[in-house]
Participant: 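Below is a structure I'd like to ask you about.
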Amino acid sequence: MEELLDNIFRSQGWASYLFLFTAIVGLTQVRRIKAFSLRLFIFAFAYCAVSDFLSLLYGRTWGGGNNSIVYNISYVVTFATLFYIFHSYIKSQRFRYFIIVMFGVYFLLVVVDLFYLNLNYHEDFQIWPYVVGGTTVLISILFYFYEVMNSKKMIALERNFIFWICVGYFFYFLAKVPFVVKKNIYIADSDYYYMFKLNDIMTIILCASLIIGFLWSRNQD
């Protein structure tokens, strides 16, 4: 047991603990959030937070020092959940169709990575699937805000959890998408490890936004 705990927690970054803390806050609030898509988001976020810790265990125990597969799976979970949320909240039928198509493109790129380009998802991270997924989320966030601002229905936007999801992930992917393009290079060269501090900064912004949303938003139907 001691060895197991050591493999999970040794050298774990503080950003992962912040991620986990945010997930715990979300789980404590899940009962008052009625919308299925938002409840699903909380559980998906919690899964991704836990996967940060399991990634070290996997790499040290089974992966021979490589743990990229854990993150690659969490990327698929994250994008599938976010696409579903925006498909649920955006009113435009054309844009909802666009989201479906782009998720299909994302999934197709994952298949191309694995079976055509023979990218080893145990050692390398998604690049172009992540770029497409992140860019689609950014566009969806902008379109959601466009719809809200042009809606005749008056709402307290800041009291809606979806608003804080949008704020957090907008800044998160705005920085992460360009970073991921070169991530496999940064991983292989210790001279670029300072670039991973960007992950910590974006995680703080994302987690702060989500925590505010969990605690400040009204009951979500």
Side-chain angles (χ1 to χ4, degrees), residues 1 3-24 26-27 40-85 102-137 169 172-173 175-200 202-203 206-207:
M1 177 61 71
E3 182 180 358
L4 175 66
L5 294 177
D6 180 68
N7 285 334
I8 294 174
F9 294 104
R10 176 166 45 90
S11 302
Q12 186 63 260
W14 61 266
S16 295
Y17 288 99
L18 178 58
F19 219 173
L20 183 62
F21 174 75
T22 305
I24 292 172
L27 290 172
L40 181 65
F41 168 81
I42 293 174
F43 289 114
F45 187 89
Y47 163 79
C48 292
V50 172
S51 72
D52 263 3
F53 290 87
L54 295 181
S55 65
L56 290 182
L57 175 64
Y58 178 86
R60 290 165 176 167
T61 306
W62 303 290
N66 297 309
N67 61 2
S68 301
I69 185 64
V70 178
Y71 290 103
N72 286 322
I73 293 173
S74 70
Y75 294 157
V76 175
V77 172
T78 296
F79 286 125
T81 305
L82 290 175
F83 284 8
Y84 178 65
I85 288 175
M102 293 311 297
F103 182 69
V105 171
Y106 169 82
F107 187 76
L108 179 61
L109 287 174
V110 171
V111 173
V112 169
D113 266 357
L114 292 173
F115 300 105
Y116 182 73
L117 299 179
N118 295 319
L119 188 68
N120 188 341
Y121 266 25
H122 288 275
E123 298 179 359
D124 297 316
F125 294 92
Q126 287 182 13
I127 298 180
W128 295 114
Y130 192 100
V131 170
V132 168
T135 302
T136 303
V137 170
Y169 277 102
Y172 186 75
F173 284 122
K176 287 276 288 185
V177 168
F179 171 79
V180 165
V181 173
K182 295 286 188 178
K183 186 172 184 178
N184 287 325
I185 296 176
Y186 299 151
I187 282 286
D189 192 339
S190 60
D191 290 339
Y192 289 102
Y193 274 13
Y194 70 92
M195 292 293 294
F196 286 87
K197 295 298 182 183
L198 181 63
N199 288 341
D200 293 342
M202 293 304 105
T203 298
L206 174 61
C207 291

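For clarity, every value in this text was computed on a predicted model and none was experimentally measured.
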Participant: Evaluate side chain to side chain contact (heavy atoms under 4.5 Å, CB included) for Val76 paired with Tyr106, printing each intermediate quantity in order.
Facilitator: CA-CA 9 Å; Val76 175; Tyr106 169 82; 3.5 Å; yes
Participant: Are any non-hydrogen side-chain atoms of Leu82 and Phe173 less than 4.5 angstrom apart?
Facilitator: yes
Participant: Would you please name every residue forming a ring-ring contact (aromatic ring centres under 6.0 Å, His included) with Phe83, sequence neighbours left out?
Facilitator: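 Expected list: Phe103.
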Participant: Apply side chain to side chain contact (heavy atoms under 4.5 Å, CB included) to Phe21 and list each qualifying residue two or more places apart in sequence or on a separate chain.
Facilitator: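 By the side chain to side chain contact (heavy atoms under 4.5 Å, CB included) rule, Phe21 matches Val25, Ile211.
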Participant: To the nearest 0.5 Å, tell me how far Leu109 CG sits from Met102 CE.
Facilitator: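 Output value for this atom pair is 8.0 Å.
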Participant: Just jot down the side chain to side chain contact (heavy atoms under 4.5 Å, CB included) partners of Ser16, sequence neighbours excluded, or say none.
Facilitator: Gln12, Asp52, Phe53
Participant: For Val131, check side chain to side chain contact (heavy atoms under 4.5 Å, CB included) against everything at least two apart and list the hits.
Facilitator: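 By the side chain to side chain contact (heavy atoms under 4.5 Å, CB included) rule, Val131 matches Trp128, Thr135, Val177, Val181.
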Participant: Under the side chain to side chain donor-acceptor pair (under 3.5 Å) definition, can you give me all pairs with a residue in residues 107-116, not counting sequence neighbours?
Facilitator: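 Non-adjacent pairs meeting side chain to side chain donor-acceptor pair (under 3.5 Å): Asp113-Tyr121.
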Participant: Taking atom CD1 of Ile69 and atom OG of Ser74, what is their separation to the nearest 0.5 Å?
Facilitator: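 The OG atom of Ser74 is 10.0 Å from CD1 of Ile69, to the nearest 0.5 Å.
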Participant: Give me the atom names and distance for the closest heavy-atom approach of Cys207 to Thr22.
Facilitator: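 Taking Cys207 first and Thr22 second, the nearest heavy atoms are CB-OG1, 3.1 Å.
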Participant: Check side-chain hydrogen bond (donor to acceptor under 3.5 Å, both in side chains) between Tyr130 and all other residues, then give those that pass, not counting sequence neighbours.
Facilitator: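 Expected list: none.
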Participant: Would you call the rings of Phe41 and Tyr169 parallel, tilted or perpendicular if under 30° counts as parallel and over 60° as perpendicular?
Facilitator: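 Judged by the thresholds at 30° and 60°, the geometry between Phe41 and Tyr169 is perpendicular.
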Participant: Can you measure from CZ (Phe45) to CD1 (Ile24) and round to the nearest 0.5 angstrom?
Facilitator: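 These two atoms lie 11.0 Å from each other.
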Participant: Just wondering, are more than 12 heavy atoms of other shown residues or ligands nearer than 6.0 Å to OH in Tyr47?
Facilitator: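 Atom OH in Tyr47 is crowded, with more than 12 foreign heavy atoms closer than 6.0 Å.
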Participant: Run the side chain to side chain contact (heavy atoms under 4.5 Å, CB included) test against Ile42 and tell me which residues pass, sequence neighbours left out.
Facilitator: Leu27, Val30, Ile33, Phe161, Phe214
Participant: Give me the atom names and distance for the closest heavy-atom approach of Glu123 to Ser68.
Facilitator: O-OG, 3.2 Å
Participant: Drop me the distance from Leu40's CG to Ile85's CD1, to the nearest 0.5 angstrom.
Facilitator: 7.0 Å
Participant: Quickly, which of Leu119, Asn120, Asp124 forms a side chain to side chain contact (heavy atoms under 4.5 Å, CB included) with His122? Name it, please.
Facilitator: Asn120
Participant: Could you give the distance from OG (Ser51) to CG (Asn72), rounded to the nearest 0.5 Å?
Facilitator: 11.0 Å
Participant: Asn67 and Ser55: which non-hydrogen atoms are nearest, and at how many Å?
Facilitator: CB-O, 3.1 Å
Participant: Could you measure the distance from the SG atom of Cys48 to the CG atom of Leu54? Nearest 0.5 Å is fine.
Facilitator: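 Interatomic distance, Cys48 SG to Leu54 CG, rounded to 0.5 Å: 11.0 Å.
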